[in-house]
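Quick note: numbers below take in every heavy atom, side chains included, and nothing from hydrogens, waters or symmetry partners.
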Amino acid sequence: MKLRALNTLFGGVRKRDVRSLAQAISILENNSSSTSQLLKGLKSFEDLKKGALTVGVTGSAGSGKSTLIASLTQLARQDGKKVAVVAVD
């Protein structure tokens with residue numbers, strides 16, 4: 001990915017633009033040639049993580065993980081918080 005395109009992507013991520021965030025996630029998931037450049041650039045976004053909470057949920061199949069996550073997400077959003085869910089299968 002060219003420097004100009006990466007800078008545009010970083011600007012979109014900083015503004016929380018959904019398309020830019022999706023593109024950044026795709027680059028990371030696909031482990032493309034731009035992955036290392038993207039990771040280096042994202043390290044400068046430490047200020048965006050202030051006050052962020054990370055929660056991990058594990059469990060066996062059918063144990064209610066999705067239901068729990070949906071409920072927690074709904075409660076957080078009702079409280080005015082922004083929520084992102086990253087699911088790994």
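Atom CZ of F10 sits about 8.0 Å away from atom CD of Q37, to the nearest 0.5 Å. Atom CG of L38 sits about 8.0 Å away from atom OG of S32, to the nearest 0.5 Å. R14 contributes atom CZ, which lies 12.0 Å from atom CG of L21 (distance to the nearest 0.5 angstrom). For the atom pair L6 CG and I27 CD1, the distance stands at 6.5 Å (nearest 0.5 Å).
Closest approach of K65 and T58 over heavy atoms only: CD-C, 3.7 Å. Residues L9 and Q23 come closest through the heavy atom pair CD1-OE1, 3.6 Å. In plain terms, the two heavy atoms of S20 and V13 that are nearest each other are CB-N, 3.7 Å.
A salt bridge links K81 with D79: the closest approach of a Lys/Arg side-chain nitrogen to an acidic carboxylate oxygen falls below 4.0 angstrom.
V18 is not connected to V85 by any chain of hydrophobic side-chain contacts under 4.5 Å among Ile, Leu, Val, Met, Phe, Trp and Tyr, and they are in different clusters. One hydrophobic cluster, built from ILVMFWY side chains closer than 4.5 Å, holds both I69 and L72. L75 and L68 are members of different hydrophobic clusters when ILVMFWY side chains are connected at heavy-atom separations under 4.5 Å.
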Review point. How far apart are the C-alpha atoms of T35 and N30, what are their side-chain angles, what is the distance that settles it, and do they pass the side-chain contact (heavy atoms from CB on, under 4.5 Å) test?
Key: CA-CA 8 Å; T35 298; N30 296 327; over 6 Å; no
